[in-house]
Amino acid sequence: MADIVDNLSLLFDRPNEPMIIPKGDDKALFELTEEFLPPGYENNGVELNNRFGDEADISRKIPIENLKRKVNFKLATQLPVDADFSLFLPKHQDMATEVIDVLMGVPEGQTQQFLSTCVFSRSNLNPQLFNYCFTVALMHRRDTRQVPVANFAESFPAKFMDSRVFQKAREVAAVLPRDVPRTPIIIPRDYTATDLEDEHRLAYFREDLGINLHHWHWHLVYPFAASQREIVAKDRRGELFFYMHSQMIARYNGERLNSALKRVKKFSNWREPIPEAYFPKLDSLTSSRGWPPRQANMTWQDLNRPVDGLLVTIDDMERWRRNIEEAISTGRVTTADGRTIDLDIDILGNMMEASILSPNRELYGSIHNNGHSFSAYMHDLQHRYLESFSVIADEATTMRDPFFYRWHAYIDDTFQRHKESPYVRPYTRSELENPGVRLTSIAIESSNNQMNTLNTFWMSSDVDLSRGLDFSERRPVYARFTHLNHTPFRYVIKVNNTGSARRTTVRIFIAPKFDERNLTWALADQRKMFVEMDIFVTPLNAGENTITRLSTQSSVTIPFEQTFRDLSPQSGDPRRTNLAAFNFCGCGWPQHMLVPKGNEAGVTYQFFVMLSNYELDRIEESSNVQSNCVEASSFCGLRDRKYPDRRAMGFPFDRPSTTAANIEDFILPNMGLQDITIRLRNETIPNPRNPVTQTPQ
Ligand code: CUO
């Protein structure tokens, strides 16, 4: 088994290099027969492959079984190897479905045949398309769950950082002798714009590597289409689409307030010019082209790009919107077979995105996905200039663009209108309270002993580019980028339980205390600003209890190392088993972005804790699947299990209150509220875990 895990892992390595070349740091060679040769190497491929096999530093040779069933990718091979791939494009989605079907179709347990099919696919398909389908298959097959998925930012680094890095990286790899220590290549903090552009104040958030990786991973775990329905139909996936994106907008809005910008304006008039420009400064190493920029004041226009399967008009979008608005205002949905069903948030999530679980694709269309496409093709509506999509149509890069947040603010507003409709019942007191449980104090203690102050600062961390640096020397090449981080802290929650011993769910949120005008909020608005910091279940003894919880245990985040370190471990690496489940574990908000930036003067936030009634929270679940990674269940759910909380996602702030005008009025004995300060120290500290410790010149 260990061999097959290693061999499959190698298929992530150097995605743009052909299969005939050795793979991995220790140079393993796949022994290819004719049927596995990539196009263009039909005449000399076997000979070249053999020649590599004669080289002295080849560590091992991997024989490949012939395919028992011939594979013919009719659709997927239409995507040129040097094109960029986007799941938002219907045609690309169909291609992915074709490939996933083939990979999933190899019978479970026939791992050698699966390896052969993957080698064949990798040889014949666009590298980005292959990477996506291969990862989905590894994640959903039972016999490949031990195969760690390579860190996507290390396989496709060009999607995450300034394109100038790569020229320098090649130079470092080619020029410096092996024994000369490598200094990292510095990625400047301000490379996409200047402070002449207000939106640039949020670049640290939009262009954060961990946030973009999280978003890519989320969509990988929750694809919106597949021919095997169970790949899509995960527990409450439509609701999670709403909640995870809603929280990202809440977080972004909080960061905007910290940076003296007003909350993001939803994009709801689809015929209006878009003032936000974006020049991504990313080059695709797959297409060897730059990602198209967007000038200020461009407008959406009808798309007619048969090459991408896109024939969609703004009229279509407006029609679908009217139908969705009607569903929200009546609380009823018409299904494709003419029935009428009640609308709920899970169904609405699937209707808006739209996933294949949408009850009626004809009537409700695909507003969210097409919005990404409209935004991504304003520069070439008809493929007249042979231009590809801009960053907003790729899950790994979309959050870099300021317009992403305007679009998702519209999507979120639609969900909120449902939550505010008469068909969503406000919580009753009995749903909110927890009889016998009284919070006596809540506090945040920072590791530097400060009470109720969260400290943020900048940190510089290194990422190894060499696995994605095709056709260059095989040695680590580090890029150093700067990101937000915070001093670790813990929550200290004191509780008096007058009842018997029991369990409770601890729900921790924070929100800015003041709005743009420096006034305290109406709860109707502030509820949309509360960001989840942690939710966990804990036992309560009878009498006094003190609950402590570390910031690093958050159910929202994954650990720093899971975001940044290379997760395809070397043989013998003790982390191997722990990281093998990375497929799911890679999904999660990055720990370094858990705390909003604040500012140097200090921003006042409200820290809210609720100890809810576990009897109403509990999920009945028979399966007892153990995971061996830290899972960010709040945003990503749990692999093979139900979402771990029976309440609506975002509870208790997911819907308006009919009784409380502000957060103070909302507080019951089982809740606590405390002012805290978030203060930024405007200094950059090198990450002590950086593999290269020299300070670059
Ligand atoms: Cu995640 Cu629009 O859904 O990007």
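Every heavy atom of this structure was used, including side-chain atoms; hydrogens, water molecules and symmetry mates were not. Ligands are counted one by one from 1 in listed order, and the atoms in each one are counted from 1 as well.
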Asker: Could you see which bit of Glu395 sits under 4.0 Å from ligand 1, with heavy atoms only: side chain, backbone, both or neither?
Answerer: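 For Glu395, there is no contact with ligand 1 at all, from either part.
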Asker: Could a heavy atom of Trp218 be found less than 4.0 Å from some atom of ligand 1?
Answerer: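 The answer is no, since Trp218 has no heavy atom less than 4.0 Å from ligand 1.
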Asker: So which of Thr456, Leu484, Leu257, Ile510 actually passes side-chain contact (heavy atoms from CB on, under 4.5 Å) with Pro596?
Answerer: Ile510
Asker: For atom 1 (Cu) of ligand 1, find the closest N/O/S atom on His219 and give its atom name.
Answerer: NE2
Asker: Does some non-hydrogen atom of Trp407 fall short of 4.0 Å from ligand 1?
Answerer: no
Asker: At a 4.0 Å threshold, what atoms of ligand 1 neighbour a non-hydrogen atom of His245?
Answerer: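 Near His245, meaning under 4.0 Å from one of its heavy atoms, ligand 1 has 1 (Cu), 3 (O), 4 (O).
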Asker: For ligand 1, which atoms, with element, lie under 4.0 Å from some heavy atom of His372?
Answerer: 2 (Cu), 4 (O)
Asker: Quick check on Arg289: does its CZ atom have over 12 non-hydrogen neighbours (other residues, nucleotides or ligands) under 6.0 Å away?
Answerer: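 Counting other residues, nucleotides and ligands, CZ of Arg289 stays at 12 neighbours or fewer.
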Asker: Looking at atom 1 (Cu) of ligand 1, is there an N, O or S atom belonging to His408 that lies under 2.8 Å away from it?
Answerer: no
Asker: I'd like to know if Glu255 pairs up with Arg206 as an ion pair, taking the criterion as any Lys NZ or Arg NE/NH1/NH2 lying under 4.0 Å from an Asp or Glu carboxylate oxygen.
Answerer: no
Asker: Ring centroids only, cut at 6.0 angstrom: are Tyr222 and Phe241 within range, meaning strictly under it?
Answerer: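 Between Tyr222 and Phe241, the centre distance exceeds or equals 6.0 Å.
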Asker: Number the atoms of ligand 1 from 1 as they appear, then name those within less than 4.0 Å of a heavy atom of Phe404, with their elements.
Answerer: 4 (O)
Asker: Only heavy atoms of Phe241, strictly under 4.0 Å: list the atoms of ligand 1 that pass.
Answerer: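 Those qualifying, in numeric order: 3 (O).
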Asker: Has Trp270 got a side-chain atom pairing as donor or acceptor with Glu318's backbone, closer than 3.5 angstrom?
Answerer: no
Asker: Quick one: do Lys528 and Asp412 make a salt bridge, cutoff under 4.0 Å?
Answerer: no
Asker: Below 4.5 Å, heavy atoms only, C-beta onward: do Met104 and Arg141 meet side chain to side chain?
Answerer: yes
